[in-house]
Amino acid sequence: GNSVTQMEGPVTLSEEAFLTINCTYTATGYPSLFWYVQYPGEGLQLLLKATKADDKGSNKGFEATYRKETTSFHLEKGSVQVSDSAVYFCALMYNNNDMRFGAGTRLTVKP
Amino acid sequence: DGGITQSPKYLFRKEGQNVTLSCEQNLNHDAMYWYRQDPGQGLRLIYYSQIVNDFQKGDIAEGYSVSREKKESFPLTVTSAQKNPTAFYLCASSPDRDSTDTQYFGPGTRLTVL
């Protein structure tokens, strides 16, 4: 079945460090891929998405590229800030009735 | 402002009680969803509804019930049959049942069984 595996956390970085959170997926066909962010006590917010192979999603300095050959959608940011501290979820979707989430990766950025 | 609202933010329940979590959206979305989130885990789908007066079970529907009498509302009832109901509950909606567009999430309700 369709599933998402993402890097286990927690991840702790210093401000301005480079961030990578790995995400790989298992799916038949070509799903859409998403990264969501969850701040403490809140719901999920869409961070970025990509709908086909080689697409790059980007938002707020975060980027992820849809790699069909490696079935991956790794999240990157060149210079993290304290305000980026949150839980990040990778997800895939074929249609709105079948959306699968990874377990989440908690990121803490220290000043 | 358009969006999804959930209430209450925090809810406490005694064992053996049924409780209902509210979810309302003014985005004119056709589809709505309920997820459960447990610590250190991803979201698991409880129920979804693609259209008014219709809903389908998700992966973990046992012990839960829903209704979809209005397009903008999709309440979730956690019944006494749900053995481990303490969790964070998230409601979501999407524009079209056949869409591959993203789902939009509410702020969540944290349910604690005393």
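Worth saying up front: this structure is predicted, and the values here are computed from it rather than measured. Note on naming: letters A, B, ... go to the chains in the order of the sequence lines (proteins, then strands), and numbering restarts at 1 for each one.
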Would you indicate whether the side-chain heavy atoms of A:Tyr36 and B:Thr102 approach each other to under 4.5 Å? yes

Between A:Leu46 and chain B, with a heavy-atom cut-off of 4.5 Å, which part of the residue counts as in contact: side chain, backbone, both or neither? side chain

Determine, using the 4.5 Å side-chain heavy-atom cutoff (strictly less than), whether B:Tyr89 and B:Val113 are members of one ILVMFWY cluster. no

So, the part of B:Phe88 with a heavy atom under 4.5 Å from chain A: the answer is side chain

Please check if atom CD in A:Glu69 has more than 12 non-hydrogen atoms from other residues, nucleotides or ligands closer than 6.0 Å. yes

Which atom names give the shortest non-hydrogen contact between B:Gln37 and A:Phe89, and what distance separates them? NE2-CZ, 3.1 Å

Side chain to side chain, A:Glu42 and B:Leu90, heavy atoms closer than 4.5 Å: no

Taking atom OH as the centre, does A:Tyr30 end up with more than 12 heavy-atom neighbours from other residues, nucleotides or ligands that are less than 6.0 angstrom away? no

Toward chain A, the part of B:Asp38 with a non-hydrogen atom under 4.5 Å: neither

Using non-hydrogen atoms only, which part of A:Glu8 is less than 4.5 Å away from chain B: side chain, backbone, both, or neither? neither

Quick one: ring-ring contact (aromatic ring centres under 6.0 Å, His included) partners of A:Tyr88, sequence neighbours excluded? A:Phe62

Hydrophobic cluster membership, with links at side-chain heavy-atom distances under 4.5 Å among I/L/V/M/F/W/Y: are A:Phe101 and A:Leu33 in one? no

Hey, is CZ on A:Arg106 packed in by over 12 heavy atoms from elsewhere, all under 6.0 Å? no

Say you draw a straight line from CZ of B:Phe105 to CD of A:Gln38; how long is it, rounded to the nearest 0.5 Å? 9.0 Å

